[in-house]
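Accompanying notes for the structure given below.
Everything numeric in this text was worked out from a predicted model, so none of it was measured. Lettering follows sequence order; numbering is per chain, from 1.
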There are 2 protein chains.
Amino acid sequence: MSILREHVSAIATLPGRAPSEETMTPRVQVSREIPDIVVRRLPLYARALRDLSARGIPSVSSESLAEAIGVTAAQIRRDLSYFGRFGKQGKGYDTQFLGETIAGFLKIDRQWDVALVGYGNLGRAITHYRGLIPSSFTISAIFDRKAAEYQEHAPGIPVHSDEHIESEVARLGIRIGIIAVPAGAAQEVTDKLTAGGVLAMLNYAPVVLRVPGHVTVREIDPISAMQSMTFYLPD
Amino acid sequence: MSILREHVSAIATLPGRAPSEETMTPRVQVSREIPDIVVRRLPLYARALRDLSARGIPSVSSESLAEAIGVTAAQIRRDLSYFGRFGKQGKGYDTQFLGETIAGFLKIDRQWDVALVGYGNLGRAITHYRGLIPSSFTISAIFDRKAAEYQEHAPGIPVHSDEHIESEVARLGIRIGIIAVPAGAAQEVTDKLTAGGVLAMLNYAPVVLRVPGHVTVREIDPISAMQSMTFYLPD
DNA sequence: CCATGTGAATGTTTTCACAGCT
DNA sequence: AGCTGTGAAAACATTCACATGG
């Protein structure tokens with residue numbers, strides 16, 4: 001039950017960084033160390049299992065779950081084995097139970113407040129994306145250099161200017177930030193979020209963010225993704 | 001080293017698929033032997049080198065390039081070694097030359113037409129994102145189930161209905177698609193793009209797309225990214 | 001039987017460390 | 001003296017294959 005989060009090293013470039021060991025408190029450690037790459041697959045499992053469960057399918061084998069997700073069955077079994085034993089031999093996994101269990105590990109069985117910084121085109125698209133809420137996240141504060149200008153547009157969410165990032169984030173106890181500002185402003189904004197106590201950041205800006213070791217960063221970089229695909233295109 | 005955590009881990013099955021070997025044309029290309037994970041880092045190198053070059057810095061060591069990007073120097077040297085020998089011992093790399101060379105490998109030294117499918121909030125944000133063009137991509141055709149409704153909004157780019165995806169994409173010779181439709185429509189749209197000759201797709205829908213082996217897919221999945229970060233948060 | 005969970009094997013990616021060139 | 005490029009080693013990740021249990 002008590003899967004204590006354990007942190008692995010991390011990624012430098014591509015897909016984000018998990019919190020690094022050095023700054024972690026070496027607390028009572030119940031579980032084996034879970035590779036970040038496994039942690040990054042858990043949301044896919046959770047999603048597939050929720051879907052199956054919603055479709056009234058009570059159990060599923062690693063084989064057919066793998067088929068649905070596009071990974072191998074062995075990988076699913078191995079990944080799950082980091083957390084415990086959830087299957088029944090000859091039967092498979094209980095979709096609802098496993099789905100909820102994984103959601104618990106991910107801590108997405110609750111709602112998280114999120115601070116969004118940058119209310120331009122991208123920030124607005126994120127705000128209006130209704131898929132956020134069912135996935136456990138609520139944008140509770142928006143920040144923009146030109147707060148006054150955008151105030152009216154935000155749907156019931158207060159828009160503050162950048163100077164209030166630290167104080168507001170701290171006041172609300174927000175742990176998650178989304179960075180949707182231009183590259184040049186990203187590091188500054190990151191520092192303010194960190195100062196306010198944010199521990200996880202989704203970064204849309206095409207820059208490498210410098211963060212303390214206990215902060216997790218994941219990069220969303222569609223441009224890099226596209227540029228790496230053209231490599232495979234014929235001339 | 002700084003607070004920036006350096007260590008790298010791989011991302012195997014998570015964030016997209018390179019074209020599979022079986023269906024690749026075994027041409028003269030270097031590409032077959034180059035790990036996809038290396039290819040996915042090249043855009044970061046290209047970006048950093050372009051910036052350095054623009055700032056008038058004529059040469060750079062793997063050490064300081066690494067520091068700027070947030071990877072290790074050894075990794076940069078190893079990655080580059082897949083393509084050739086570009087450095088001068090005792091000196092480093094010529095920023096402009098190496099930047100242009102990598103851009104050449106990635107084929108981002110030219111402009112690519114892109115088909116965008118889905119013109120909702122997300123699609124519009126993508127369309128208005130001006131960072132696309134300098135990065136080599138031009139949205140040349142937009143498709144939406146409700147084409148007529150949105151026609152007026154698109155800035156000089158024709159908006160077609162979904163039935164015309166195959167024919168238009170084929171007519172314009174478009175090789176790259178962006179999928180910005182709801183999950184339920186993603187596979188259908190993908191099939192139409194594939195039928196029209198698209199070979200690379202950026203997928204924003206939270207679904208596993210089934211594509212022929214010669215098609216590259218990269219997933220953009222901010223929700224999964226956020227959900228994998230909450231794992232590391234304290235309760 | 002069927003399908004899990006896991007040691008062992010294999011494959012991949014990163015890092016070390018240094019010979020060799022400028 | 002400084003820094004690349006690369007064999008060799010280490011670390012990491014995936015897959016195989018099967019003993020085990022419902």
Side-chain angles (χ1 to χ4, degrees), chain A residues 6-15 17-18 20-21 31-42 44-45 49 57-67 69-95 97-98 101, chain B residues 1 5-15 17-18 20-21 32-42 44-45 49 58-67 69-95 97-98 101:
Chain A
E6 225 351 288
H7 305 145
V8 209
S9 60
I11 281 251
T13 57
L14 271 180
R17 247 162 302 148
S20 59
E21 300 255 329
S31 74
R32 269 167 299 175
E33 173 187 317
I34 293 160
D36 186 60
I37 190 145
V38 172
V39 173
R40 288 205 305 272
R41 276 191 294 262
L42 295 183
L44 306 183
Y45 300 164
L49 288 162
I57 296 160
S59 73
V60 69
S61 67
S62 59
E63 194 65 57
S64 50
L65 183 57
E67 159 68 20
I69 297 172
V71 300
T72 66
Q75 182 159 76
I76 289 181
R77 296 201 300 275
R78 172 70 69 204
D79 284 356
L80 294 178
S81 78
Y82 283 102
F83 295 90
R85 299 145 70 107
F86 307 101
K88 290 196 195 100
Q89 276 136 329
K91 189 77 199 304
Y93 304 91
D94 181 302
T95 54
F97 173 74
L98 183 55
T101 301
Chain B
M1 247 8 29
R5 198 60 195 145
E6 318 231 348
H7 207 276
V8 181
S9 88
I11 229 205
T13 44
L14 250 193
R17 252 161 303 150
S20 59
E21 299 262 325
R32 255 169 43 269
E33 42 189 74
I34 294 165
D36 186 59
I37 189 140
V38 172
V39 173
R40 287 205 306 272
R41 278 191 294 263
L42 294 182
L44 306 182
Y45 300 164
L49 288 162
S59 73
V60 68
S61 67
S62 60
E63 192 65 56
S64 49
L65 184 57
E67 161 69 19
I69 296 172
V71 300
T72 66
Q75 182 161 75
I76 290 182
R77 296 201 300 275
R78 172 70 67 206
D79 284 356
L80 294 178
S81 78
Y82 284 102
F83 295 90
R85 299 145 70 107
F86 307 101
K88 288 197 196 99
Q89 277 132 329
K91 189 77 197 307
Y93 303 91
D94 182 300
T95 54
F97 173 73
L98 183 55
T101 301

Let's see if you can work this out: which of [options] has an atom nearest to the side-chain heavy atoms of [X]?
X: A/I37; options: D/dT14, C/dT15, C/dT4; result: D/dT14
X: B/R78; options: C/dG5, D/dT6, D/dT14; result: D/dT6
X: A/S62; options: C/dT14, C/dT6, C/dT4; result: C/dT4
X: B/Q75; options: C/dT14, D/dC16, D/dA13; result: C/dT14

Please answer whether the main-chain N or O of A/F97 pairs with a side-chain N or O of A/T101 as donor and acceptor at a distance below 3.5 Å. yes
Indicate yes or no for a side-chain donor-acceptor contact from A/T95 to the backbone of A/I57 under 3.5 Å, with no hydrogens or angles considered. yes
Between [N] ([atom2]) and [X] ([atom1]): distance, integer Å:
X: A/I76; N: D/dA13; atom1: CD1; atom2: P; answer: 18 Å
X: B/E33; N: D/dT6; atom1: CD; atom2: P; answer: 13 Å
X: B/L98; N: D/dG5; atom1: CG; atom2: C1'; answer: 14 Å
X: B/Y82; N: D/dG7; atom1: OH; atom2: P; answer: 12 Å
X: A/E63; N: D/dC16; atom1: CD; atom2: P; answer: 11 Å
X: B/I34; N: C/dT12; atom1: CD1; atom2: C1'; answer: 16 Å
X: B/D79; N: C/dT12; atom1: CG; atom2: C1'; answer: 13 Å
X: A/L80; N: C/dT4; atom1: CG; atom2: P; answer: 10 Å

For [X] versus [Y], what's the shortest heavy-atom pair and its separation?
X: B/F86; Y: B/L80; value: CE1-O, 3.6 Å
X: A/L65; Y: A/V60; value: N-CG2, 3.7 Å
X: A/R77; Y: A/S62; value: NH1-OG, 3.1 Å

Record whether the side chain of [X] comes under 3.5 Å of the base of [N] through a donor-acceptor pair of N or O atoms.
X: A/R85; N: C/dT4; answer: no
X: B/R77; N: D/dG5; answer: yes
X: A/Q89; N: C/dT4; answer: yes

Hey, does the side chain of A/T72 come within less than 4.0 Å of D/dT15's phosphate (OP1/OP2), counting only N and O? yes
Does the side chain of A/Y93 get closer than 4.0 angstrom to OP1 or OP2 of C/dG5 through an N or O atom? yes
